[in-house]
Amino acid sequence: MEKEFDIILGKIYLLYYKAKIYLGEAHLIQTPKGYLEKFDIDMPFKCDLDILDYLVGRRTSTYSTLSNKCWILFVLEITKILSYRESFGIGKLYNKILNRNIDTDIQLECFRPILQLIDNKCQTGIVNKLMFLRDKHYAHTDAEVEQLTSQLFPTYNEAWDMMFVIEQFLRDIYGQKDSDVDLEINRHFHGYLREFRRTYEYFKTIQDPIEKMLLRNRFDNEKSQAYFESQE
């Protein structure tokens, strides 16, 4: 029975790790500045971070589409473990241990913060928002999706706060088994940062007068001119 516990825990870890990568991708691509500042990461090339954030998040449709797709994948993956009913739900694993359907020495106290998130039925609760998005938003047509407002979406900060609770749970439960767990994701994003540099350099030399005007209207003349004349 301990083997069954290890299999379920391993699946929970993999689902969490995939979800964390998707959330990181969605956040980084939507707002490079917001992601890098939140996690105190230095950009590996010299740039004006405000301008880069604008070019990637607002002026490059491919990035916006990719960010939205990564967010959807995040929702679909993370909701698999925030449940009492899903096969690999943390709540379901808790009940199995509580009812002695799985033989393990794991202390149940580490489940409490996760269960508080799952049990919170308030409409503004993060898990409730994610479940609603999964069941009512992403399972319907585009026309119905357009009727939903941004109030249904948790902020990135709300999502990360929830993820840190799950991450602490994983560290605690693996710690009881005297095992380390790899939860680092930033090494997966080096390719995006290289592409951001290409985007930053491309807009610097673009000949489209509308794009130049939009950037100058977005930032003051000194900032935009410094960008167009920079040699980095």
Side-chain angles (χ1 to χ4, degrees), residues 5 8-31 34-35 38-39 57 64-99 101-102 106-174 181 183 185:
F5 172 81
I8 294 174
L9 180 61
K11 187 65 175 181
I12 290 172
Y13 161 71
L14 288 174
L15 287 169
Y16 172 80
Y17 193 69
K18 287 169 59 179
K20 186 179 181 183
I21 291 175
Y22 290 139
L23 177 59
E25 288 176 320
H27 192 180
L28 176 66
I29 298 169
Q30 182 67 34
T31 169
Y35 183 86
K38 181 171 184 62
F39 293 101
S64 297
T65 300
L66 181 58
S67 177
N68 290 335
K69 289 181 177 179
C70 289
W71 172 261
I72 292 172
L73 290 171
F74 158 68
V75 172
L76 296 179
E77 293 296 330
I78 201 63
T79 50
K80 292 176 183 177
I81 64 175
L82 296 171
S83 170
Y84 285 102
R85 293 183 292 181
E86 297 278 353
S87 298
F88 300 104
I90 294 174
K92 186 169 186 176
L93 177 60
Y94 172 83
N95 282 339
K96 282 189 173 184
I97 299 173
L98 185 67
N99 296 322
N101 293 324
I102 286 184
I106 293 297
Q107 300 298 309
L108 291 176
E109 187 60 32
C110 62
F111 283 83
R112 302 298 180 188
I114 305 292
L115 299 182
Q116 289 176 0
L117 288 174
I118 298 174
D119 292 338
N120 183 359
K121 302 306 180 185
C122 176
Q123 286 189 343
T124 58
I126 177 70
V127 175
N128 191 63
K129 283 185 175 182
L130 293 174
M131 292 297 184
F132 186 89
L133 285 174
R134 183 192 70 178
D135 297 338
K136 305 296 184 181
H137 188 104
Y138 301 136
H140 290 71
T141 65
D142 291 340
E144 291 170 311
V145 166
E146 291 173 358
Q147 297 175 10
L148 301 174
T149 71
S150 60
Q151 294 177 350
L152 299 174
F153 290 79
T155 64
Y156 282 119
N157 281 335
E158 287 176 318
W160 283 119
D161 286 346
M162 177 199 70
M163 295 294 278
F164 296 151
V165 172
I166 304 173
E167 195 153 305
Q168 188 59 55
F169 159 77
L170 288 171
R171 293 189 188 280
D172 289 345
I173 206 166
Y174 274 100
V181 58
L183 297 166
I185 62 171

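Numbers for residues simply follow the sequence, beginning at 1.
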Quiz item: Going by heavy atoms in the side chains, are D135 and T79 under 4.5 Å from each other?
Solution: no

Quiz item: Got E109 and D172 here, is their nearest side-chain heavy-atom distance under 4.5 Å?
Solution: no

Exercise. Enter the distance from I114:CD1 to I90:CD1 here, rounded to the nearest 0.5 Å.
Key: 4.5 Å

Quiz prompt | Step-by-step side chain to side chain donor-acceptor pair (under 3.5 Å) determination, N120 to Q116 | solution = CA-CA 6 Å; N120 183 359; Q116 289 176 0; over 6 Å; no

Self-check item: Rounded distance (nearest 0.5 Å) linking atom OH of Y84 with atom CG of L115
Solution: 4.0 Å

Exercise. Locate the shortest heavy-atom distance separating P154 from L133; write the atom from each residue and the value.
Key: CD-CD1, 4.0 Å

Quiz prompt | Heavy-atom side-chain contact between I78 and L23 under 4.5 Å | solution = no

Quiz item: Do K129 and F132 have side chains that get closer than 4.5 Å, going by heavy atoms?
Solution: no

Practice problem: Working to the nearest 0.5 Å, report the span between CG of L76 and CG of L130. | Solution: 10.5 Å

Practice problem: Could you please spell out the steps behind the side-chain contact (heavy atoms from CB on, under 4.5 Å) verdict for I12 and I166? | Solution: CA-CA 10 Å; I12 290 172; I166 304 173; 5.8 Å; no

Quiz item: Any idea which heavy atoms bring S67 and A26 closest together, and the distance?
Solution: OG-O, 2.8 Å

Quiz item: Is a donor on one side and an acceptor on the other found under 3.5 Å between the side chain of Y156 and the backbone of Y35?
Solution: no

Quiz item: Would you say the side chain of F153 lies within less than 4.5 Å of the side chain of V75, judging by non-hydrogen atoms?
Solution: no

Quiz item: Where the side chain of Y16 meets the backbone of M163, is there a donor-acceptor pair that is under 3.5 Å apart?
Solution: yes

Quiz item: Looking at H27 and G34, what are the two nearest heavy atoms and their distance?
Solution: NE2-C, 3.8 Å

Quiz prompt | Atom pair CG (N95) and CZ (F111), whose distance is rounded to the nearest 0.5 Å | solution = 9.5 Å

Self-check item: side-chain contact (heavy atoms from CB on, under 4.5 Å) between R112 and Y94, worked out
Solution: CA-CA 9 Å; R112 302 298 180 188; Y94 172 83; 2.9 Å; yes

Quiz item: Which atoms form the tightest heavy-atom contact between E86 and K92, and what is the distance?
Solution: O-CD, 3.2 Å

Exercise. Looking only at non-hydrogen atoms, find the nearest pair between N157 and K38 and report the distance.
Key: OD1-NZ, 3.1 Å

Quiz item: Atom CG in L73, atom NZ in K69: separation rounded to 0.5 Å?
Solution: 9.5 Å

Practice problem: Classify the ring geometry between W71 and F74 as parallel (under 30°), tilted (30 to 60°) or perpendicular (over 60°). | Solution: tilted

Exercise. Please report the closest heavy-atom contact between I185 and G24, naming both atoms and the distance.
Key: CD1-CA, 4.3 Å

Practice problem: Any chance you could lay out the side-chain contact (heavy atoms from CB on, under 4.5 Å) test for L82 and M131, step after step, and finish with the verdict? | Solution: CA-CA 9 Å; L82 296 171; M131 292 297 184; 4.2 Å; yes

Practice problem: Would you indicate whether the side-chain heavy atoms of I21 and Y17 approach each other to under 4.5 Å? | Solution: yes

Quiz item: Is the side chain of K20 donor-acceptor paired with the backbone N or O of L183 at a distance under 3.5 Å, no angle test?
Solution: yes

Exercise. Could you walk me through whether I126 and D161 pass side-chain contact (heavy atoms from CB on, under 4.5 Å), step by step?
Key: CA-CA 9 Å; I126 177 70; D161 286 346; over 6 Å; no

